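Below: one structure, written as structure tokens.
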Amino acid sequence: MAAFFQKILSFFMSILAFFVSLFGISVDTIAYKDVAYGDDPIQTMDLYVPDSYDKELGLVLMVHGGTWQRGDKSAFANEAKNDSAKYNVACATINYHLISYGGTVSMQDIYDDISLSIKKCVEIAAAQGVTLNKVMVRGFSAGAHIALCYAYNQKDVCPLPLVAVYAVSPIADMTDLDLYYADTLAWPENLCKLGSMMCGHTYTLDTFEENIEYIKTISPAQLVNRDCVPTLTFHSTKDPIVPYSNVERFFNALEDHGPAHDIVISESAGHGPGQDPAASAKLEELYGEYIKEYLK
């Protein structure tokens with residue numbers, strides 16, 4: 001008899017989980033703050049896991065911006081907590097190794113941070129009785145560039161099936177010389193130094209062409225192909241930080257030979273969609289659709 005009632009309870013719990021997923025009913029979340037996912041003090045993250053009846057969940061991993069040199073996981077704190085409850089998914093926001101002039105951190109080190117943090121998310125969720133089964137990587141600005149590079153370069157080694165990427169105001173093509181002279185991200189020489197650190201090969205404006213194959217490895221616009229994961233992205237034609245012409249190269253690549261994708265372009269926002277309510281609403285709508293289609 002006890003087994004019978006247990007089956008009935010499990011049935012109703014599964015029905016409840018279905019309606020939570022279908023209609024986006026908010027649930028409470030369990031927060032894991034300042035969790036170490038590696039030995040370096042920078043390797044910390046916050047994870048939010050819904051306290052729902054659904055025992056298999058997708059994960060949204062959020063990567064902060066800051067010109068690769070600064071920033072903090074707290075930039076995504078509210079979104080991580082709110083999205084976890086709203087969409088019934090696990091959400092994590094991470095700190096990662098930062099690039100510095102003359103330092104030793106490369107993009108591969110940041111990729112390794114993302115992979116390690118995903119493994120830690122899986123471990124923590126499992127202790128709560130939840131299996132994380134898929135991941136979407138999301139980022140803003142330099143974090144969006146990192147998210148795209150990770151999604152396009154590391155899909156085959158990601159600890160979870162990587163099913164989508166969501167990039168807001170990314171730096172999209174490091175092979176674009178106009179980016180170096182834009183006087184927005186950095187002086188041309190300094191951007192060369194940052195790019196050199198990222199791709200692991202020193203280049204200057206004078207040696208740019210002979211190192212172009214290495215620079216392509218950190219250029220989402222040069223990495224696009226049909227095998228890339230579905231991609232949601234946003235940029236503004238009036239972005240004061242990353243010239244629209246740079247990201248337009250990426251958009252054209254997506255349109256010409258990219259994977260499934262959605263592009264939102266604003267004519268009035270700045271660096272990010274905040275000044276354009278219509279674009280913000282459209283992005284949120286598409287983000288929710290990507291979660292339902294790819295993470296559920």
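Excluded from the calculations below are hydrogen atoms, water molecules and symmetry mates; all remaining heavy atoms, backbone and side chain alike, are included. Computed from a predicted model, the values in this text were never measured in an experiment.
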**Study point:** Minimum heavy-atom distance between Cys121 and Ala92, given as atom pair plus value
**Key:** SG-CB, 3.6 Å

Review point. Among side-chain atoms of Tyr152 and Asn225, is any donor-acceptor pair under 3.5 angstrom?
Key: no

Review point. Would you say the side-chain atoms of Thr204 pair up with the backbone N or O of Asp206, donor to acceptor, closer than 3.5 Å?
Key: yes

Review point. Heavy atoms, side chains only, cut-off 4.5 Å: are Tyr290 and Arg138 in contact?
Key: no

Check your understanding: With hydrophobic residues grouped by side-chain heavy-atom distances under 4.5 Å, do Leu223 and Ile212 end up in a single group?
Key -> yes

Check your understanding: Counting N and O atoms only, with roles assigned by atom type, does the side chain of Asn153 sit under 3.5 Å from a partner on the main chain of Thr217, one being a donor and the other an acceptor?
Key -> yes

Exercise for review: Examine Phe76 together with Phe140 and report whether their ring centres are nearer than 6.0 Å.
Suggested key: no

Review point. Thr29 side chain to Ala31 main-chain N or O, any donor-acceptor pair under 3.5 Å?
Key: no

Practice item. To the nearest 0.5 Å, tell me how far His145 NE2 sits from Phe250 CZ. Key: 10.5 Å

Check your understanding: Any side-chain donor-acceptor pair under 3.5 Å between Tyr32 and Asp46?
Key -> no

Check your understanding: If we ignore angles and hydrogens, is there a donor and acceptor under 3.5 Å between the side chains of Ser196 and Tyr214?
Key -> no

Study note, to complete from the structure: The reported gap from OG in Ser117 to CD1 in Ile94 (rounded to nearest 0.5 angstrom) is 4.0 Å

Point to revise | Pair Tyr166 + Phe234: ring centers closer than 6.0 Å | key: no

Check your understanding: Any chance the side chains of Thr131 and Glu56 put a donor and an acceptor closer than 3.5 Å?
Key -> no

Review point. Under the 3.5 angstrom rule, does the side chain of Arg226 hit a backbone N or O of Pro259 as a donor-acceptor pair?
Key: no

Review point. What pair of heavy atoms forms the shortest contact from Met45 to Lys73, and how long is it?
Key: CA-CD, 3.8 Å

Check your understanding: Near Lys155 NZ, under 6.0 Å, is it more than 12 heavy atoms from other residues, nucleotides or ligands?
Key -> yes

Exercise for review: Report yes or no: does Thr207 contribute a side-chain atom to a donor-acceptor pair with the main-chain N or O of Glu210 at less than 3.5 Å?
Suggested key: no

Review point. His261 and Phe251: aromatic ring centres closer than 6.0 Å?
Key: no

Practice item. Answer yes if the side chains of Gln43 and Asp39 hold a donor-acceptor pair under 3.5 Å, and no otherwise. Key: no

Practice item. Apply the test side chain to side chain contact (heavy atoms under 4.5 Å, CB included) to residues His235 and Tyr244: give CA-CA distance (whole Å), side-chain angles for both, the deciding distance (0.1 Å), then the verdict. Key: CA-CA 7 Å; His235 211 77; Tyr244 178 72; 4.0 Å; yes

Review point. Is there a donor-acceptor contact under 3.5 Å linking the side chains of Asn82 and Tyr48?
Key: no

**Study point:** From CA spacing to verdict: side chain to side chain contact (heavy atoms under 4.5 Å, CB included), Val122, Leu160
**Key:** CA-CA 9 Å; Val122 171; Leu160 289 175; 3.9 Å; yes

Point to revise | Over 12 foreign heavy atoms within 6.0 Å of OH, Tyr181 | key: no

Point to revise | Any donor-acceptor N/O pair, Ser280 side chain to Pro273 backbone, under 3.5 Å | key: yes

Review point. What do the steps show when you test Asp276 against Lys282 for salt bridge (charged side-chain N to carboxylate O under 4.0 Å, His left out), and what is the final call?
Key: CA-CA 10 Å; Asp276 187 341; Lys282 183 63 177 177; over 6 Å; no

Practice item. Calculate, to the nearest 0.5 Å, the distance between atoms OG and CG belonging to Ser245 and Asp176 respectively. Key: 5.5 Å

Point to revise | Interatomic spacing from OG1 in Thr237 to CD in Glu248 - rounded to 0.5 Å | key: 10.0 Å

Exercise for review: Please assess Val163 against Leu295 for the test side chain to side chain contact (heavy atoms under 4.5 Å, CB included), listing each intermediate value before the final yes or no.
Suggested key: CA-CA 7 Å; Val163 296; Leu295 280 185; 3.7 Å; yes

Point to revise | Result of checking Val49, Val89, Leu57, Ile124 against Leu132 for side-chain contact (heavy atoms from CB on, under 4.5 Å) | key: Leu57

Review point. Does any donor atom in the side chain of Asp173 or Thr175 lie under 3.5 Å from an acceptor atom in the other side chain?
Key: yes

Review point. Going by atom types only, do His64 and Thr93 share a side-chain donor-acceptor pair under 3.5 Å?
Key: no

Review point. Charged N to carboxylate O below 4.0 Å: is that the case for Glu79 and Lys86?
Key: no

Check your understanding: Quick one: are Met197 and Ser100 in side-chain contact, heavy atoms under 4.5 Å?
Key -> no

**Study point:** Residues, nucleotides or ligands: over 12 heavy atoms within 6.0 Å of Lys134 NZ
**Key:** yes

Practice item. Indicate whether the side chain of His97 and that of Asp109 have a donor and an acceptor atom separated by less than 3.5 Å. Key: no

Point to revise | Minimum-distance pair of heavy atoms, taken over all atoms of Gly139 and Ala147 | key: N-CB, 4.0 Å

Check your understanding: Among the clusters formed by ILVMFWY side chains lying less than 4.5 Å apart, do Leu177 and Ile218 turn up in the same one?
Key -> yes

Study note, to complete from the structure: Rounding to 0.5 Å, atoms OG (Ser236) and CD (Glu267) come to a distance of 7.5 Å

Study note, to complete from the structure: Output for pair (Leu47 CG, Asp34 CG), nearest 0.5 Å, gives 12.0 Å

Check your understanding: Would you say Ser266's side chain and Ala279's backbone share a donor-acceptor pair under 3.5 angstrom?
Key -> no

Check your understanding: Short question: side chain of Asn246, backbone of Val242 - any donor-acceptor pair under 3.5 Å?
Key -> no

Practice item. Compare every heavy atom of Ile118 with every heavy atom of Pro159, then report the nearest pair and how far apart it is. Key: CB-CG2, 4.0 Å

Review point. Quick one: does Val63's side chain get under 4.5 Å of Val137's, heavy atoms only?
Key: yes

Exercise for review: Using atom types as modelled and distance alone, determine if a side-chain donor or acceptor of Ser115 lies under 3.5 Å from a backbone N or O of Cys158.
Suggested key: no

Point to revise | Polar side-chain atom of Tyr180 near backbone of Met174 as donor-acceptor pair, under 3.5 Å | key: yes

Exercise for review: Applying side-chain hydrogen bond (donor to acceptor under 3.5 Å, both in side chains) between Asn95 and each of Asp72, Asp113, Asp40, report the one that passes.
Suggested key: Asp72

Review point. Would a hydrophobic clustering, with Ile, Leu, Val, Met, Phe, Trp and Tyr connected at side-chain separations under 4.5 Å, put Ile42 with Ile114?
Key: no

Practice item. Check the pair Asp239 / His271 against side chain to side chain donor-acceptor pair (under 3.5 Å), numbers first and verdict last. Key: CA-CA 5 Å; Asp239 191 313; His271 193 53; 2.7 Å; yes

Exercise for review: Determine, for Lys292 against Glu289, whether the closest basic-nitrogen to carboxylate-oxygen distance falls under 4.0 angstrom.
Suggested key: no

Check your understanding: Do the non-hydrogen side-chain atoms of Ile241 and Ser169 ever get within less than 4.5 Å of each other?
Key -> no

**Study point:** Residue pair Ser268 / Lys238: nearest heavy atoms and the distance that separates them
**Key:** CA-CD, 4.5 Å

Check your understanding: Does the side chain of Asn88 come under 3.5 Å of the side chain of Ser52 through a donor N or O and an acceptor N or O?
Key -> yes

Study note, to complete from the structure: On a heavy-atom basis, the closest approach of Tyr203 and Cys192 is O-CB, 3.6 Å

Practice item. Would you please test Met198 and Ile99 for side chain to side chain contact (heavy atoms under 4.5 Å, CB included) and show each step? Key: CA-CA 7 Å; Met198 281 188 267; Ile99 305 290; 4.0 Å; yes

Exercise for review: Report whether Tyr101 and Tyr96 are members of the same hydrophobic cluster (ILVMFWY, side-chain heavy atoms less than 4.5 Å apart, transitive linking).
Suggested key: yes

